[in-house]
Amino acid sequence: MAITPPENRLWWNEPIERIEIAWIVVAFLWGLFMFFFMIAWHFIGNQNLSTETYKITPAVFEEKVVEFADKYTVGEEAGVPLVRPPAGEDVYLLARLWEWWPVLELKKGQSYRFHLSSADWQHGFSLQPVNINVSVHPGYEQIVTITPTEAGEFGIACNEYCGIGHHMMTGRIRVVE
Ligand code: CUA
């Protein structure tokens, strides 16, 4: 029983068994493999993108997003502006409790510089189903280059817990030919 002292009081001083050392070696090698694969995946996986990060206040970022949306809005979807920026343009996307704003329409095969930031708390930009992930923080503007390689509907799910509406915090990006 755990509450009684061990029979052999020097249990930690026994020689290590072969099977135990084998498992330690396996776990250590697997850890090394995973560590280096994490770095390799940055290059071959196209999921953990290189980001540029700048300091910005939430108010200034919001102004930029609104300016961007006003310039290129072509419609509305469920009360959110549908924004169609020209190919290659800078794209601004705001995370806030509890939505991604606005809805975007992009062209397949074109590269866009995404500017991401939050108006309030930490949120997660998880682009589905391609599984690109960027952590989004208030006070920081993160820039990633995204080139859609297929047309269709893409969803953005917030994957950083941000309160009572977290599970409903989604956004949409449409990619057209
Ligand atoms: Cu935003 Cu969770």
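Just so you know, ligand 1 is whichever comes first in the structure, and atom 1 is the first atom listed for that ligand.
- With values rounded to the nearest 0.5 angstrom, Cys158 atom SG is found 6.0 Å from His123 atom NE2.
- Residues Ser117 and Gln142 bring no donor and acceptor atom of their side chains to less than 3.5 Å of each other.
- Atom OH in Tyr161 sits 9.0 Å away from atom NE2 in His167 (nearest 0.5 Å).
- Among protein atoms, those of element N, O or S found less than 2.8 Å away from atom 2 (Cu) of ligand 1 are Cys158 SG, Glu160 O, Cys162 SG, His166 ND1.
- Side-chain contact, Thr147 with Gln110: no donor N or O sits under 3.5 Å from an acceptor N or O.
- A cation-pi geometry, defined here as NZ or CZ lying under 6.0 Å from the six-membered ring centre and within 45° of its normal, holds between Arg96 and Trp101.
- Residue Ile143 is not grouped with residue Tyr92 when hydrophobic side chains (ILVMFWY) are merged at heavy-atom distances under 4.5 angstrom, including chains of intermediate members.
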